[in-house]
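So the structure is just underneath, and the comments pick up after that.
Order of listing sets the numbers, starting from 1, for every ligand and every atom in it.
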Amino acid sequence: MITVEEAFARINANKVELPVTEVSLAEAVGKVLREPIYADRDFPPFHRVTMDGIAIRYEAYQAGEDTFPIEGLQLAGAPAQTLTNKDGCLEVMTGAILPRHTDTVIRYEDVTITERRGKRYAHILAAPKMRLQNVHQQGSDRRATDLLISEGTLLSPAEIAVAATIGKSSLKVTQAPRVAIISTGDELVEVTQTPLPHQIRKSNSYMLQAAMREQNVLADVFHLIDDKALLLSELQEKLKKYDVLVLSGGVSKGKADFIPEVLQELGVQQLFHEVAQRPGKPFWFGKHAAGPVVFALPGNPVSTFVCYYKYIQPWLRSVLGAAPTWSLQAHLTTEVTFNPKLTYFLPVKLFVASTGIWRAQPVTIGGSGDFAGLLTADGFLELPPDQIKFSAGDTFPFIGFRR
Ligand SMILES: Nc1nc2c(c(=O)[nH]1)N[C@H]1C(S)=C(S)[C@@H](COP(=O)(O)OP(=O)(O)OC[C@H]3O[C@@H](n4cnc5c(N)ncnc54)[C@H](O)[C@@H]3O)O[C@H]1N2
Ligand code: MOO
Ligand SMILES: [Mg+2]
């Protein structure tokens, strides 16, 4: 049996190679960028007017001018006009390029406009505070050729906006791995079926599929009964077609727990079996020489859950090429005792106190079969194996499953 740390390290030392693919902007959000994105022009690309009003020469105002004949109108989307009279002004709209020979914009709220003999004049009511007032200066945000988005960035809507503005209609991203989620067990029936008294409906595979979907990985779901010959032939097929196999059930010491021997017979090299943790101790992990990685998770639903969020989610993230996500430490609200020399994943509800400190309140659940108990939890606190008593106020890593 190995430690949680060791299991984590062995898993992360075994990645799968994923190709780069090009997707449209609409499909790119949530994926990992595989090319650097540079500014094609300055940001903003021209002196951009930020308020509807008039544009003047600051010097004219400084020289004592406060009434400016209006020469014309500069709309957004029109090429730059030129102010001809150095003591005149142009009306300008938000988003327009600043007219040539002007350098200061005064809002309509700070001027009055009058008309005399067919000519219009703007009178300044509130003094402009400085040259370039209400002007978003060319290149003040980013310069042309600046690196805007690094390779490996997990794309959010903010990155999509920047990609669009530099003229990228598609982006190179990591292609999601082909994942097969395979539940096993004779006692399991379909969601749409009515179970007999000794049967239950499958839930693990749907939980895993949903969890992966949140990472933009669309997995295929299968179910296999506890029949060794069938497991051998079906898993052999799956190993040919998929990059990642995530199994649940059949990895413990039962008479129908065939998964570890079947995988080894199929040439999947065992990299560990059993981790010093609760829940999830019988976790099995291996890699096939031809590439696929196999996570065989213990069938108890809370064990499957914990193993996914502790190991598979960060592994998938790193396989996809994304930087590790932020990690959260939370303060335990009440004392907890746990005797076995195992890492204990304690289900908790998370609160943020007014001090900004995260607090984790233990949630009582009925063992690793009580997945309904997770409905009141937000995640797990990872309590280390070398301790029995965990005091209120102490901090531990939090592994969450809610967004
Ligand atoms: N003699 C021992 N027995 C067990 C040990 C042990 O160390 N010695 N470990 C226990 C622990 S811990 C766990 S966890 C389970 C793991 O069992 P398996 O991975 O072999 O899983 P199964 O036996 O197939 O099922 C266990 C349990 O989970 C339910 N299950 C399975 N798959 C699903 C699914 N897709 N959806 C919902 N529920 C599922 C299944 O019905 C069983 O109740 O072994 C202990 N035993
Ligand atoms: O440790 Mo098992 O994963 O509790 O039922
Ligand atoms: Mg079993």
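Neither the backbone nor the side chain of Ile259 has a heavy atom within less than 4.0 Å of ligand 1. Contact annotation for Asn204 and ligand 1: heavy atoms of both the backbone and the side chain come within less than 4.0 Å of the ligand. Residue-level proximity to ligand 1 for Ser183 is carried by the side chain, the only part with a heavy atom below 4.0 angstrom. Only the side chain of Pro282 comes within contact range of ligand 1, with a heavy atom under 4.0 Å; no backbone atom does. When non-hydrogen atoms are compared, ligand 1 lies under 4.0 Å from neither the backbone nor the side chain of Thr304.
Between Lys228 and Glu261, at least one side-chain N (NZ, or NE/NH1/NH2) sits under 4.0 Å from a carboxylate O, which counts as a salt bridge. A salt bridge links Lys253 and Glu274; the closest N-O separation between the charged side-chain nitrogens and carboxylate oxygens is under 4.0 Å.
Taking the six-membered ring where the residue is Trp, Phe222 and Tyr242 present perpendicular rings, their angle passing 60° and hence far from 30°.
Ligand 2 lies under 4.0 Å from heavy atoms of Pro279, Gly280, Lys281, Asn300, Ser303, Ser368.
What you find for Asp226 and Asp186 is that their closest heavy atoms are N-OD1, 2.8 Å. Minimum interatomic distance between Ala60 and Lys86 (heavy atoms only, all atoms of both residues): CB-O, 3.7 Å. Of all heavy-atom pairs spanning Leu18 and Leu320, the tightest one is CD1-CD2, 4.1 Å. The heavy-atom pair separating Gly379 from Phe401 by the smallest distance is N-CE2, 3.4 Å.
For the 3.5 Å distance criterion, the side chains of Glu159 and Ser156 qualify, holding a donor opposite an acceptor.
Distance from atom 15 (C) of ligand 1 to its nearest protein heavy atom, with residue and atom name: Asn300 ND2, 3.7 Å. Atom 42 (C) of ligand 1 has Glu187 OE2, 4.0 Å as its closest protein atom, hydrogens excluded (heavy atom only). If you check which protein heavy atom lies closest to atom 1 (N) of ligand 1, you get Lys253 CB, 4.1 Å. Nearest non-hydrogen protein atom to atom 22 (P) of ligand 1 is Gly250 N, 3.7 Å. Residue, atom and distance of the protein heavy atom nearest to atom 38 (N) of ligand 1 are Ile200 CD1, 3.6 Å. Closest protein heavy atom to atom 5 (C) of ligand 1: Ser252 OG, 3.1 Å. Nearest non-hydrogen protein atom to atom 30 (N) of ligand 1 is Gly299 O, 3.3 Å. Scanning the protein heavy atoms around atom 23 (O) of ligand 1, the nearest turns out to be Asp257 OD1, 3.6 Å.
Within a 6.0 Å sphere centred on NZ of Lys241, other residues, nucleotides and ligands contribute 12 heavy atoms or fewer. In Glu17, the CD atom is not crowded: 12 or fewer heavy atoms of neighbouring residues, nucleotides or ligands sit closer than 6.0 Å.
Polar contact check, Leu297 against ligand 1: no nitrogen or oxygen pair lies under 3.5 Å apart. In terms of polar-atom proximity, Ser205 is not counted as a contact of ligand 1, lacking any N or O under 3.5 Å from an N or O of the ligand. Considering both main-chain and side-chain atoms, Arg201 never comes within under 3.5 Å of ligand 1 through any nitrogen or oxygen pair.
At least one heavy atom of Ser248 sits closer than 4.0 Å to an atom of ligand 1. The shortest separation from a heavy atom of Ser368 to ligand 1 is not under 4.0 Å, leaving the residue out of contact. Ligand 1 lies within reach of Ser303, whose nearest heavy atom is under 4.0 Å from it.
Close contacts of ligand 1 with Gly249, meaning ligand atoms under 4.0 Å from a residue heavy atom, involve 19 (O), 21 (O), 24 (O). Taking every non-hydrogen atom of Ser203 and a distance limit under 4.0 Å, the qualifying atoms of ligand 1 come out as 36 (N), 37 (C).
Centroid-to-centroid, the aromatic rings of Phe390 and Phe396 come within less than 6.0 Å.
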Taking only distance into account, with no hydrogens and no angle test, what donor-acceptor pairs under 3.5 Å do side-chain atoms of residues 38-46 form with protein atoms, sequence neighbours excluded?
from  : atom 1 : to     : atom 2 : distance (Å)
Asp42 : OD1    : Ala144 : N      : 2.9
Asp42 : OD2    : Gln138 : NE2    : 3.1
Asp42 : OD2    : Arg143 : NH1    : 3.3

Checklist entry - Which is it for Phe283 and Tyr311 under the ring pair (Phe, Tyr, Trp, His ring centres under 6.0 Å) test, yes or no, and what are the steps along the way? => result CA-CA 11 Å; Phe283 181 15; Tyr311 302 104; 5.2 Å; yes
Checklist entry - Are Ser24 and Glu27 close enough, and set up right, to give a side-chain hydrogen bond (donor to acceptor under 3.5 Å, both in side chains), and what steps lead you there? => result CA-CA 5 Å; Ser24 72; Glu27 294 168 291; 3.0 Å; yes
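Judged by distance alone, with hydrogens and angles left aside, the side-chain atoms of His47 form no donor-acceptor pair with the main-chain N or O of Asp103 at under 3.5 Å. Side chain of Glu234 to backbone of Lys238: no donor-acceptor contact under 3.5 angstrom is found.
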